[in-house]
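Worksheet: one structure, shown below.
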Amino acid sequence: QVYGYLMEKILAAGALDIFYTPVQMKKNRPGILLTVLSPKEKVDKLTGIIFTETSTIGLRYYETERRTLARETIPLLTDYGTVRLKVATDGAIIVNAMPEYEDCSKLAREAGVSLAVVQASAMSAFKQQRELVEKTIKEGRYYEHQ
């Protein structure tokens, strides 16, 4: 319960991601390794939360570099309704496209079908409308479904 609460607080405070890894600590005690990815300017705030909400008495920091793909969210009409499609690009090339989970799960519940069916419908719609999605991203605009 504590870890779920901690995750919510850390993400709300500006962390990019957080995850837990089970570890064996000294004296053969089980422990949890907390890893938080954050912008440099959020470190002090996140450190305060970790010290306040956990039993730890020390933290280690590591600076690293990050590379991300450009991301756009495009509304996409499917057989079950509109789904936001997250599209990642490297220049003009679409590298990845993924339907938004929350949209798909809501539509699946409403239609009484499995999540996988709605996700497949969204990916099928993306394949059929890929040229329009690429044009939308290239022009930096969103399109409306008629």
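Throughout, numbering of the chain's residues begins at 1 and tracks the sequence. Please read these numbers as outputs of a predicted model, since none were measured by experiment.
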Can you check whether [X] reaches [Y] side chain to side chain, under 4.5 Å on heavy atoms?
X    : Y    : result
V87  : T89  : yes
Q24  : R29  : no
D90  : R67  : yes
E100 : K86  : yes
M123 : P99  : yes
T21  : F19  : yes
R109 : L115 : no

*Exceeds 12 heavy-atom contacts within 6.0 angstrom, atom CD1 of I93*: no

_Exceeds 12 heavy-atom contacts within 6.0 angstrom, atom CD of E131_ = no

_Could you see if V83 belongs to whatever hydrophobic cluster contains Y80? Use Ile, Leu, Val, Met, Phe, Trp, Tyr and a side-chain cutoff under 4.5 Å._
yes

*Could you state whether L85 and I94 fall into the same hydrophobic cluster, counting links through intermediate Ile, Leu, Val, Met, Phe, Trp or Tyr residues with side-chain heavy atoms under 4.5 angstrom apart?*
yes

*Is there a donor-acceptor pair under 3.5 Å between the side chain of S124 and the backbone N or O of A120?*
no

*Do the side chain of D79 and the main chain of S121 share a donor and acceptor less than 3.5 angstrom apart?*
no

_Any carboxylate oxygen within less than 4.0 angstrom of a Lys/Arg side-chain nitrogen, looking at E102 and K106?_
no

[X] side, atom [atom1]; [Y] side, atom [atom2] - distance, nearest 0.5 Å:
X    : Y    : atom1 : atom2 : result
N28  : M25  : CG    : CE    : 11.5 Å
L76  : Q128 : CG    : CD    : 9.5 Å
Q119 : T78  : CD    : OG1   : 11.5 Å

Taking all non-hydrogen atoms of both residues, which atom of [X] and which atom of [Y] are closest, and how far apart?
X   : Y   : answer
T82 : P75 : CG2-CB, 3.9 Å
R84 : T73 : CB-CG2, 3.6 Å
V2  : E53 : CG1-O, 3.9 Å
A13 : K42 : O-CD, 3.6 Å

*Run the numbers on L69 and N96 for side chain to side chain contact (heavy atoms under 4.5 Å, CB included), then give the verdict.*
CA-CA 9 Å; L69 295 170; N96 193 359; 5.6 Å; no

*With a cutoff of under 4.5 Å between side-chain heavy atoms, which Ile, Leu, Val, Met, Phe, Trp and Tyr residues group with Y3?*
L6, M7, I10, L11, I18, Y20, I32, L34, V36, V43, L46, I49, I50, F51, L59, Y61

